[in-house]
Amino acid sequence: MKLTFWLLDINPKVDGGKVELWLWGITESGDRVLLVERNFVAYFYAILHGAADATLVSQKIMLRHSNLVAQTEVVQRRFFGKLVTAIKFSCKDATQTGKAARLVRKIDGVSDCYEDDIRAVMRYLIDNGLAPCSWHEVEVTEEANTQGVRAVKIYSINTPPELLENIAVAPPLRTLAYSMISYSHKGTPKADRNPVVMLSAVTGDGVEKQFIAGQDRDDKRLIQAFIAYVREYDPDVIVSYGGNATDWSYLLQRCHMHGFLLSLDRAGFEPHSSVYGHVSLTGIVNLDLVNFEAMFPEVKVKTLSNFAKKLGVTAGQGTVDDVVFADYWDSDAKRGELLMFSLDSAHRVYGVASLLLDFAIELSALTSLPLDQVMSAATGFRVEWYLIKRAQKIGEIVPRRVEQTYMTYTGGLVLSPKPGLHENIAVLDFKSMYPNIMITYNLSPDTYIQPGDPEPAEGINVAPEVGYRFRKAPAGFFQEALTYLIDVRGDIRKKMKLLTPKTVEYQVLDARQKAVKILTNAAYGYAGWVGARWYIKPVAEAASAWGRHIILAASQMAQKAGVAVIYGDTDSLFIEYDKAKADQLQADVKRELKLDVEIGEVYVRVFFTEAKKRYAGLRKDGSLDIVGLEVIRGDWAEVAKHVQEHVLEIILKEQSPEKALEYVRSIVIDLRKRRVPLEDLVIWKTLMKAPEDYAVRAPHVEAAKTLISRGWHLSTGDKVGYVVLAGKGPLYARVTPYVYAKGDQIDIEYYVSNQVLPAAARILAYFDINEKELARTTKEEKTRSLTDYF
DNA sequence: GCATACGGAGTACCA
DNA sequence: ACTGGTACTCCGTATGCG
């Protein structure tokens, strides 16, 4: 029978030497089904030396490795664009591709083996043109549920499914969000001794469930009840905040201590660690919002509530800090508050997930990485799987990842800004500069001409400065892949224009164009990544060389046309705005440099210091655009950031340095009178390596050590929030984690002289108000306030 | 013995 | 575990002054 289904999840099921593929689907009528593929055959390619006789080598392989090989086939493929003869080696045992490839490599006539490192699931999806999070049609035969899996029906696949291109929208997914709290008085909870005391769950139908430990904090029944609930609700997607790194292994360990399995997925297996650091639940998509946070770099301190607030998810009133979880549990008066917070957290998880799920679905469909993997995979791997999909279509063999020495190269060009205030400044932006350079000059691993190789008849593009050569034709692999992405995005945006923004279709298309955009923009970075399968350094190097050439040429064109250039960085030029001249320049640049530029933001006023990559602009709507300055940095105290932002606002809107000075003084007074809350004095810094690995004593490292000594588990990448206390000695000796600090211990003068004044003076120094002057005036003020005090 | 200068370590930003 | 370019603070030692 024929069946139409949406592919939710896919996993290999290894049984001895036999690999079955389990496709978890949702049918049009909403049935959750399992489709079993039993005809999957793994294979790899052996590329032959030019002179080798393919038939002969093939026979040798069959003879020598009859125990491993099911079939060989001589095929023509491409490798880095060059036509090659290869033997497609189909394996009897799909788990033995790596071993077989190692043996075949040793055979005379074989140059090397490839694609033995492609996982079965990805092999199947890509070879058959399937994609997770997409609709497919398949010919199947129903069978009995002998496996005991949680599915309405089970089918065996007769012939591989076919992708249905035209159906866009996903079926309604049953989503369950949860948040758990463990009991620990001393730092980070440890699964071997600290029980889970609360677990809250929220589902798509609005149902809230809370699981609470007993008075003795026994979590056995809590976890059992949660497992039973998951099985009963039967979610397609489970979302958490921190599930991959923490929750799942924690729950797993608690279960095993109690003597039962954490068996809640659709196959009755336990959660298990899988690729890209994600935890896999068979038949269920396990999402961790931590993997989505990188999309929002403006959220500096990565917590669930900060994340939710950023996205406008307003569930709940406040937050309860981890430090006091155990105290709250112990207190009859506060336990209710903790319970409320736990439920709020689950609502926040659900709320954030519902805003980002569409994007994840589209990225999954585009790259073919299963939904639960695509968000935990690094950008490079997303790009790579997209490229592997394209490679398969054009018969390009996928190279192995080879270890290579890392060598830097020159990147984008940054022009020195003209310091001061400028009126009416437009930003001229090259649209998707690097991808378009790569397309225009056909930069690709397979078009690069090695030094010494002859110039092809089709002609070459020679990169400025670096001199690398690339054939003009035929179209390279990257050109083909990038052109497709850019065209698809254009089509999506055309379709979106015909729709109302509130509709489901519009939202889905918007998510899709965002997914396409991030892949497009990551292609250049991928090309320069040593870990890339298709790493050819000259490709990235040539792209940045052309970029420098183009931005410099455009700047010179502007100046020749009498348009002053104030600043520029990589793919943008800040120019004095005159509409007629700017329009002319835009057309000239397009004609001469073959790349599209757009006139982006037109600022009413912009302020530059002498520093690159730092400025503030006033938009027409009255809002500020602040770039690079302390205001948008995560490692300055809130009080300093706020002062600088307000100073910028006064300068850009009222152009009154005097007023700004008065304002700064007033804040210094507030500080000295201890009217500024502790939270505004916290400095956050990331722990970039293990505390013991630091060469010098740094404040945030000392604070981290304090936390660790109090039982907190910190790992690299964690943010440490500290405040500076009064006392003697270097800074690092006077800091403490903010959670353990009291307001009256604070070294206010540090915050005045090392935070607020430098941040303000960064701007005001240009108006002849330097730090000294700010300090002088504030000292007078200090004397006065002290007199008042006494 | 102490203040200052300066390079290195460390972090976070822009594109 | 996608790239390079840049600013800036704090540490730690070298340097210079008295």
Side-chain angles (χ1 to χ4, degrees), chain A residues 275-277 291 294 297-298 300 376-384 386-387 401 403 406-417 427 429-435 438 518-535 537 539-545 547-548 551 567-574 600 609-615 625-637 640-641 683-689 691 693-702 716-717 719-720 724 729-735 750 753-755 758-759 761-762:
Chain A
V275 285
Y276 313 125
N291 294 138
E298 62 272 35
K300 307 294 176 190
S376 65
T379 314
F381 294 108
R382 296 179 192 159
V383 173
E384 192 150 77
Y386 168 72
L387 288 173
R401 218 176 288 289
E403 207 159 312
Y406 170 72
M407 296 272 273
T408 57
Y409 60 90
T410 313
L413 183 68
V414 191
L415 308 178
S416 289
V427 183
D429 272 309
F430 281 89
K431 288 205 272 184
S432 302
M433 184 193 239
Y434 286 140
M438 290 163 82
I518 70 143
L519 276 194
T520 311
N521 291 342
Y524 158 75
Y526 174 83
W529 173 38
V530 268
R533 289 174 185 263
W534 277 285
Y535 173 66
K537 200 179 76 156
V539 174
E541 213 177 340
S544 74
R548 292 193 299 277
I551 203 70
Y567 175 65
D569 185 350
T570 310
D571 61 358
S572 70
L573 288 176
F574 288 53
T609 67
E610 289 190 345
K612 296 168 173 178
K613 297 187 185 278
R614 308 185 134 214
Y615 57 88
D625 188 11
I626 302 174
V627 178
L629 293 160
E630 281 75 2
V631 176
I632 47 91
R633 289 184 67 95
D635 56 352
W636 282 73
K641 302 203 307 180
I683 297 164
W684 293 92
K685 273 202 169 76
T686 307
L687 203 58
M688 302 291 281
K689 46 190 170 187
D693 291 343
Y694 281 82
V696 293
R697 308 194 64 176
H700 72 296
V701 181
E702 296 304 306
T716 54
K719 278 253 192 322
V720 182
V724 178
L731 200 55
Y732 63 76
R734 298 189 284 120
V735 298
Y750 171 83
S753 62
N754 291 51
Q755 292 280 323
R762 184 96 53 225

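Each chain gets a letter, A, B and so on, in the order the sequences are listed, and its residues count up from 1.
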Are more than 12 heavy atoms from other residues, nucleotides or ligands located less than 6.0 Å from atom CD of A/E403? no
Rounding to an integer number of Å, can you tell me how far A/D569 CG sits from B/dC13 C1'? 11 Å
Counting heavy atoms from C-beta on, name the nucleotide in C/dC11, B/dA12, C/dT3 closest to the side chain of A/M688. B/dA12
Within this structure, what is the CE-to-P distance between A/M433 and B/dC14, rounded to whole angstrom? 19 Å
Kindly point out which of C/dA7, C/dT9, C/dG12 is positioned nearest to the side chain of A/K612? C/dA7
Please report, rounded to the nearest Å, how far the C1' atom of C/dA1 is from the CZ atom of A/R401. 9 Å
So A/F381 and A/Y276, would you call those rings parallel, tilted or perpendicular, with 30° and 60° as cut-offs? tilted
Nearest-angstrom distance from the residue atom CD of A/E298 to C1' of B/dA12: 15 Å
Can you tell me if A/H700 touches the phosphate of B/dT11, counting only side-chain N or O atoms and a distance under 4.0 Å to OP1 or OP2? yes
Measure from the side chain of A/A378, starting at C-beta and using heavy atoms only, and say which of B/dG10, B/dA15, C/dC2 lies closest. C/dC2
Provide, to the nearest angstrom, the distance between the CG atom belonging to A/D571 and the P atom belonging to B/dC14. 14 Å
For nucleotides C/dA1 and B/dT11, find the distance between their P atoms and express it as a whole number of Å. 15 Å
Under 4.0 Å: is that the gap between some side-chain N or O of A/Y409 and OP1 or OP2 of C/dC2? no
Candidate nucleotides C/dG12, C/dT9, B/dT11, ranked by approach to the side chain of A/Y732 - the nearest: C/dG12
For C/dC8, take OP1 and OP2 only and decide whether either is under 4.0 Å from a side-chain N or O of A/R614. yes
A/W529, nearest nucleotide to its side chain (from B/dT11, C/dT3, C/dC11): C/dT3
Which part of the nucleic acid does A/G531 contact within heavy-atom distance under 4.0 Å: base, sugar-phosphate only, or nothing? nothing
Side-chain N or O of A/Y567 closer than 4.0 Å to phosphate OP1/OP2 of B/dA15: no
Among the candidates C/dT6, C/dG4, B/dC13, find the nucleotide nearest to the side-chain atoms of A/V414. C/dT6
Roughly how many Å is it from OH in A/Y535 to P in C/dA1, rounded to a whole number? 15 Å
Using a heavy-atom cut-off of 4.0 Å across all strands, would you classify A/L629 as base, sugar-phosphate, or nothing? nothing
Any A/K685 side-chain nitrogen or oxygen under 4.0 Å from OP1 or OP2 of C/dT9: no
Tell me which nucleotide among C/dC8, B/dC14, C/dT6 gets nearest to the side chain of A/E630. C/dC8
What is the distance, to the nearest angstrom, from the CG atom on A/L573 to the C1' atom on B/dA15? 13 Å
Candidate nucleotides B/dA12, C/dC10, C/dG4, ranked by approach to the side chain of A/N754 - the nearest: C/dC10
Side-chain heavy atoms of A/E630 within contact of A/R614, under 4.5 Å: yes
So what does A/R548 touch, heavy atoms closer than 4.0 Å: a base, only the sugar-phosphate, or nothing? nothing
Compare the minimum distances between each of B/dA12, C/dC2, C/dC10 and the side chain of A/A522, then state the nucleotide with the smallest one. C/dC2
Over-ring placement of A/K612 relative to A/Y567, 6.0 Å and 45° cut-offs: no
Pair A/D569, A/K613 - check salt bridge (Lys or Arg N to Asp or Glu O under 4.0 Å), show working. CA-CA 8 Å; A/D569 185 350; A/K613 297 187 185 278; 2.8 Å; yes
Would you say B/dA12 has OP1 or OP2 under 4.0 Å from some side-chain N or O of A/T686? yes
Phosphate-side-chain proximity, A/R633 and C/dT6, N/O vs OP1/OP2 below 4.0 Å: no
When rounded to whole Å, the CD to C1' distance for the pair A/Q755 and C/dT9 reads 10 Å
Do A/L519 and A/Y526 have side-chain heavy atoms sitting under 4.5 Å apart? no
Determine whether A/I551 and A/F430 make a side-chain contact, defined as any pair of heavy atoms from C-beta on separated by less than 4.5 Å. yes
Does a side-chain N or O from A/Y694 land closer than 4.0 Å to OP1 or OP2 of C/dG12, or not? no
Closest of B/dA15, C/dG5, C/dG12 to the A/Y615 side chain is B/dA15
Taking only the side-chain nitrogens and oxygens of A/K689, find out if one of them lies under 4.0 Å from OP1 or OP2 of B/dG10. yes
